[in-house]
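Beneath this line is the structure, given in structure tokens, with notes to follow.
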Amino acid sequence: MKKINKTLFLLCTAALLMADTACKKSYLDSDQLSSYSPNNLDNPNAMKAALNGVALILRKEYFGDSAPMLTESLFSDVAVDGTTDKSTPAQDLVSRITPDANLNSDDFNKVGWYWENSFTAIRQANTIITRIDVPKYASDAERNAILGAAYFFRAYYYYRLVHQFGDVPLLLNDLDAPKADFYSTKREVILEKMRTDLEFAQTWVTDNVNKGEVTKGAVSHLLTKVNLALGKFDDAIVSATNVIGGGKYGMMTTRFGSTAGDATKNVVWDLHRMDNKAIGANKEALFLVIDREAFQGFTPNGSQLMRNTVPAWHFANLRTPTGSGIQAITDAVGAEIPLTKMYGRGIGRYRGTPYSTKYIWTDQTDYRHAKGMWMDMTDLVYNNPALKTSKLQADKDLFGKPLQQYTDANVATVFQNGALDTIRHWFGWPHYKVFINSTNALANDPYWSPPRGTNTDWYVFRLAETYLLRAEAYYWKGDLASAMSDINVVRARANATLLTDISKINIGTILDERARELFWEEPRKTELTRIAYIFAMTGKSAYNGKTYNLNAFSDQNFFYDRIMEKNDFYKNNVRTLQGVNYRIAPYHVLWPVPASAQRFNTEGHINQNKGYIGYESNVPALDK
């Protein structure tokens, strides 16, 4: 607990260090704001606090209503925006995702959030990097560990940016004056620089740090992703093996933590409990964001993860199938069977696709889809107290029984209005991942009643993903036996049937396992775009029989083909109650650069991506 408290103090201190009014405007920011002061960064503790200030930006990606991670997910095969009571969300991506659209709103999308916050974090990291020799250190090791951590953050955000927006401006130094002459730099040039920095960081950053700080394991994990993105597959295997075989980390395969004694659950449940993520016994956590409601300065109103990801079961107009017309279900926190406390009350913003909620779950022994871990609507029960006083015995008999599965034949009987919005109200979800409340399943959320999800620590990098990254590197090299072996490490911990047929191992196998294992952890759009780039760079034939190239990247790519194969909403142009059809295009492999960033960049030129207005005026990107 001492280490965590120290980290929390540093995080709060960082906010003060960065709050000075000395203005450093970067017109990469849509609102032109970039105000923080480096003047206090004159000692090692201040530098460490500033590092944790950068980490605060990273934490915001996972938490809050319509958290940015939602936008990453809906540009993928695993999810769409399920908010069907509005016409503004990013559902028809062709019409909604344009350079001059609203790109940063809970009711629209968070594309612009990523642009602005990523460059804010990069500038803050650059302040540390530029001033690294101002303080006096106890040793070179202390200095270089701080520098390595700053390199990590800069590399993390550039890794994300180049797989969200492609070629972007490269900032390597602190800004000491307003700047309006940015130019785009080639993606591969940026990645090569980040690779060099991460190799330095891998040498100096240690694993003996406070929870929530950058670890050597996290550096090597990120380096693995960068190596993959550059097509350096042998190097990716080496950097991943540095984590897997380094002796510090290990897959959690036995029960542990506060819930170890709950015989109704399993080790996957333990792994994802809010009070187990940062404990010393958890050897799988490589890098965490720390968020606790007991400390000042953390996520206002909690994570709201349950609100984002759980279906809107509470206003689905369910009634009994008996014909009495009695409402079947209540979200009252004081109900005899308090479903809202047991599972959270959602609004279905994150609507998992049939691919991610049904098609990949063929293994009946998989802990991640076991009863009590994964929830389907038919796992909820009739809990309206009015059923107990109904004149019909059939209603009384329903109380506490599982909800009846709707069918085309009974939908008019089961739903009040004779219709069902299956997009928002009826889908499965990983209860073990998103149940963010307390160790007591019936405890109250400190912010909301009914509960939406309180503050919690969260995994950014976890060893399970390292195995899947190494499996991917083996796949690209054609070593399918080794790829299968690494996938099976993840499957074995989940009690899933091990893979045995090497001939069936392909990038789809790895993406399926990532979808099972990394819900709300992986930035799915970023990773799909990275993989699409690798197919285009290598010319390797994908499992769909297609090959791709960089010259036509925004016209034909694996990203789009994968989504159209697996995401039924986009594939079938499913129509919402607001009359909006789900649509996505090949050019969405890269997001649009916000028009405001280009507009304020009056003395330079930030290129626009193909498919968006402004592309026609692009200039050659910088190659160094």
Side-chain angles (χ1 to χ4, degrees), residues 76-78 220-221 224-225 227-246 249-253 268 284 355-356 358-369 462-519 521-522 524 527-548 557-559 561-566:
S76 82
D77 48 356
V78 299
S220 296
H221 184 96
T224 302
K225 293 192 174 194
N227 282 331
L228 283 169
L230 287 167
K232 297 181 181 296
F233 306 128
D234 287 326
D235 291 339
I237 292 168
V238 171
S239 53
T241 303
N242 287 342
V243 186
I244 294 168
Y249 302 101
M251 293 288 286
M252 300 303 296
T253 58
V268 174
E284 194 164 330
Y355 159 74
S356 64
K358 295 180 182 179
Y359 304 158
I360 59 174
W361 299 108
T362 57
D363 195 326
Q364 301 305 309
T365 65
D366 196 320
Y367 286 156
R368 298 165 297 190
H369 206 253
R462 187 159 54 85
L463 188 64
E465 188 189 15
T466 317
Y467 274 101
L468 295 177
L469 290 171
R470 192 171 70 173
E472 187 186 332
Y474 283 130
Y475 159 76
W476 292 116
K477 283 179 57 64
D479 185 354
L480 301 185
S482 295
M484 185 173 71
S485 178
D486 276 350
I487 297 169
N488 278 338
V489 171
V490 178
R491 293 182 62 79
R493 191 270 300 287
N495 199 42
T497 303
L498 300 186
L499 305 176
T500 58
D501 189 346
I502 293 175
S503 68
K504 294 183 179 179
I505 303 299
N506 55 47
I507 200 67
T509 316
I510 296 167
L511 284 169
D512 291 349
E513 203 60 45
R514 290 182 68 91
R516 296 184 191 100
E517 183 69 21
L518 300 173
F519 179 99
E521 288 182 57
E522 68 165 340
R524 187 74 171 186
E527 300 304 312
L528 282 179
T529 296
R530 175 182 59 76
I531 290 169
Y533 266 120
I534 298 174
F535 273 119
M537 288 188 306
T538 62
K540 185 181 179 73
S541 178
Y543 64 80
N544 58 14
K546 294 184 179 181
T547 57
Y548 306 93
N557 53 69
F558 176 78
F559 166 91
D561 288 340
R562 171 76 182 185
I563 292 171
M564 293 303 285
E565 174 196 3
K566 299 297 185 182

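None of the values given here were measured: they were computed from a predicted structure.
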Chi angles and distances behind the side-chain hydrogen bond (donor to acceptor under 3.5 Å, both in side chains) call for Asp363, Thr497: CA-CA 7 Å; Asp363 195 326; Thr497 303; 3.0 Å; yes

Chi angles and distances behind the side-chain contact (heavy atoms from CB on, under 4.5 Å) call for Ile531, Phe559: CA-CA 8 Å; Ile531 290 169; Phe559 166 91; over 6 Å; no

Worked verdict on Tyr355 versus Asp512 for side-chain hydrogen bond (donor to acceptor under 3.5 Å, both in side chains): CA-CA 9 Å; Tyr355 159 74; Asp512 291 349; 2.6 Å; yes

Step-by-step side-chain contact (heavy atoms from CB on, under 4.5 Å) determination, Thr224 to Arg470: CA-CA 8 Å; Thr224 302; Arg470 192 171 70 173; 6.0 Å; no

Steps toward side-chain contact (heavy atoms from CB on, under 4.5 Å) verdict (Tyr467, Glu472): CA-CA 9 Å; Tyr467 274 101; Glu472 187 186 332; over 6 Å; no

Chi angles and distances behind the side-chain contact (heavy atoms from CB on, under 4.5 Å) call for Lys225, Leu469: CA-CA 7 Å; Lys225 293 192 174 194; Leu469 290 171; 3.7 Å; yes

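The heavy-atom pair separating Val243 from His221 by the smallest distance is CG2-N, 3.9 Å. When every heavy atom of Ile237 is checked against every heavy atom of Ala473, the shortest pair comes out as CG1-CB, 3.6 Å. Between Ile505 and Ala483, the shortest heavy-atom distance links the atoms CG2-CB, 4.2 Å. Here the closest non-hydrogen pair linking Ala240 and Thr466 is O-CG2, 3.8 Å. Here the closest non-hydrogen pair linking Ala471 and Ile487 is CB-CG1, 3.9 Å. Of all the heavy atoms in Ala515 and Ile360, the pair that sits closest is CB-CD1, 3.9 Å.
In this structure, CG on Leu518 lies 5.0 Å from CD on Glu465, to the nearest 0.5 angstrom. The structure places CG of Asp234 at 3.5 Å from NZ of Lys477, a figure rounded to the nearest 0.5 Å. Remark: Tyr475 OH to Asn506 CG distance equals 6.0 Å, nearest 0.5 Å. Going from atom CG of Leu498 over to atom CE of Met484 covers 9.0 Å, rounded to the nearest 0.5 Å.
At a threshold of 4.5 Å between non-hydrogen side-chain atoms, the residues Lys504 and Thr509 do not count as touching. Contact check for Tyr249 versus Ile244: no side-chain heavy atoms found under the 4.5 Å cut-off. Side-chain contact between Arg524 and Phe519: absent, with no pair of heavy atoms (C-beta onward) separated by less than 4.5 Å.
Taking 4.0 Å as the cut-off between side-chain N and carboxylate O, Arg462 and Glu517 count as a salt-bridged pair. A salt bridge links Glu284 with Arg493; the closest basic N to acidic carboxylate O contact falls under 4.0 Å. A salt bridge links Glu527 with Arg530: at least one charged nitrogen is closer than 4.0 Å to a carboxylate oxygen. A salt bridge links Glu513 to Arg368: one of the charged nitrogens lies within less than 4.0 Å of a carboxylate oxygen.
Within the 3.5 Å criterion, the main-chain N or O of Thr365 finds a donor-acceptor partner in the side chain of Asn495. Side chain of Ser485 to main chain of Ala481: no donor-acceptor pair is present (N/O by atom type, distance under 3.5 Å, no hydrogens or angles). When atom types are taken as modelled, the side chain of Asp235 and the backbone of Asn227 share no donor-acceptor pair closer than 3.5 angstrom. In terms of modelled atom types and a separation under 3.5 Å, the side chain of Asp479 and the main chain of Ser482 share a donor-acceptor contact.
Relative orientation of the Trp476 and Phe233 rings is parallel, given thresholds of 30° and 60° on the angle between their planes.
The side-chain tip of Lys540 does not point at the ring of Tyr548 from less than 6.0 angstrom away and within 45° of straight on.
Among the candidates Leu511, Asp561, Asp77, the single residue satisfying the side chain to side chain contact (heavy atoms under 4.5 Å, CB included) test with Lys566 is Asp77.
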